[in-house]
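In what follows, a structure is listed as structure tokens, so that the remarks can point back to it.
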Amino acid sequence: LGKLALARLKTAEAIRQFTRAIELDSREPLFRFYISEVLGFEKKNREADRQIREYLRLNPSDPDRVPMAKAALEVSAAFGNAEVGRIEAPAQPSSIRLHRVLNFLFAEVLVNGQGPYRFLVDTGATQTVLNERVAETLGLPKITTNVLFGLGGEGKLESAVYRAVTLKNGDVAVRNVPHGGHSKPVV
């Protein structure tokens, strides 16, 4: 039920359901993994970190989730007390101009005031991804390595995680952005 609530962005309900699941079976590591994700959405970073550490203690050998859990802790440490993904926008932001190429939509985005760079708009993506060469050219600091799933039909792919101070399109800016990096073409 917690995953269902999370999918519907009902985070308070998701926390309640995962907390109850942990009460019923405190040795099940996935409950800790999932609740840490929801706590992160709610900006409860210390509690999210505590839950992900407990996940790692209970399940230190999951080949897919352990790298993600460790990366989450490293990203949390890299950003410290900064609010990750803080959105700055006027009350009525201007529309985002999209460019169509084949069946894909792209938006032009400034990264740390440089660019613009064309970003593929993927409403189902769980994170922002940037070409590694661009990240290196911009001098973005590498935080850690993570695993991306489903990128370009590859299944799973190891990815560097970089830190951008600002992503901006028009009058909307997102501050303190961790994003994946890759070098394989997506399209």
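The figures here come from the full heavy-atom set of this structure, side chains too, leaving out hydrogens, waters and symmetry mates.
At a threshold of 4.5 Å between non-hydrogen side-chain atoms, the residues L105 and H99 do not count as touching. By the 4.5 Å heavy-atom criterion applied to side chains, V84 and P178 are counted as neighbours. With contacts defined as side-chain heavy-atom distances shorter than 4.5 Å, the pair D49/L73 qualifies. Under the 4.5 Å side-chain criterion, counting only non-hydrogen atoms from C-beta, V101 is in contact with F106. The side-chain heavy atoms of Q51 and I22, taken from C-beta on, include a pair separated by under 4.5 Å. Side-chain contact between R32 and S26 is present, with heavy atoms from C-beta onward closer than 4.5 Å. The shortest side-chain heavy-atom distance between N146 and M68 falls under the 4.5 Å cut-off. Looking at heavy atoms from C-beta onward, V161 lies out of side-chain contact with T145 at the 4.5 angstrom threshold.
L120 and L102 fall within a single hydrophobic cluster, where Ile, Leu, Val, Met, Phe, Trp and Tyr side chains are chained together by heavy-atom contacts under 4.5 Å. By the criterion of side-chain heavy atoms lying less than 4.5 angstrom apart, applied directly or through intervening Ile, Leu, Val, Met, Phe, Trp or Tyr residues, L39 is grouped together with F41 in one hydrophobic cluster.
A side-chain donor-acceptor contact under 3.5 Å links N112 to the backbone of T166. Proximity of a side-chain donor or acceptor of E28 to a complementary backbone N or O of L30 within less than 3.5 Å is detected. Side-chain atoms of N59 do not come within 3.5 Å of backbone N or O of P29 as any donor-acceptor pair.
A centroid separation of less than 6.0 Å is found between the aromatic rings of Y55 and F33.
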**Request:** Output, in order, the C-alpha distance, side-chain angles, deciding distance and verdict of salt bridge (charged side-chain N to carboxylate O under 4.0 Å, His left out) for E136 and R133.
**Result:** CA-CA 5 Å; E136 290 167 6; R133 286 188 311 243; over 6 Å; no
**Request:** Check step by step if side chain to side chain contact (heavy atoms under 4.5 Å, CB included) holds for F31 and D25.
**Result:** CA-CA 9 Å; F31 300 154; D25 185 359; 4.1 Å; yes
**Request:** Determine, step by step, whether T144 and K70 satisfy the side chain to side chain contact (heavy atoms under 4.5 Å, CB included) criterion, reporting the C-alpha distance in whole Å, the side-chain angles of both residues, the deciding distance to 0.1 Å, and the verdict.
**Result:** CA-CA 9 Å; T144 187; K70 288 179 178 178; over 6 Å; no
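G181 approaches S159 most closely through the heavy-atom pair O-OG, 2.8 Å.
Through side-chain heavy atoms spaced under 4.5 Å, either directly or across other Ile, Leu, Val, Met, Phe, Trp or Tyr residues, V174 is tied to I87, V109, V111, Y117, F119, L130, V134, L138, L140, Y162, L167, V172, V177. Counting side-chain heavy-atom gaps under 4.5 Å among Ile, Leu, Val, Met, Phe, Trp and Tyr, L24 is found in no cluster with other residues.
Among residues at least two apart or in separate chains, salt bridge (charged side-chain N to carboxylate O under 4.0 Å, His left out) pairs with a member in residues 117-128 are E108-R118. Judged as a salt bridge (charged side-chain N to carboxylate O under 4.0 Å, His left out), the pairs with a partner in residues 167-182 (not counting sequence neighbours) are, in order, E88-R175. Among pairs with a residue in residues 120-140, none fulfils ring pair (Phe, Tyr, Trp, His ring centres under 6.0 Å), at least two apart in sequence or across chains.
Using a 4.0 Å cut-off between charged side-chain N and carboxylate O, K44 and E47 make no salt bridge.
Open room surrounds CG on L1; 12 or fewer heavy atoms of other groups in view lie less than 6.0 Å from it.
Take A78 and apply the side chain to side chain contact (heavy atoms under 4.5 Å, CB included) test, not counting sequence neighbours, and it matches I143.
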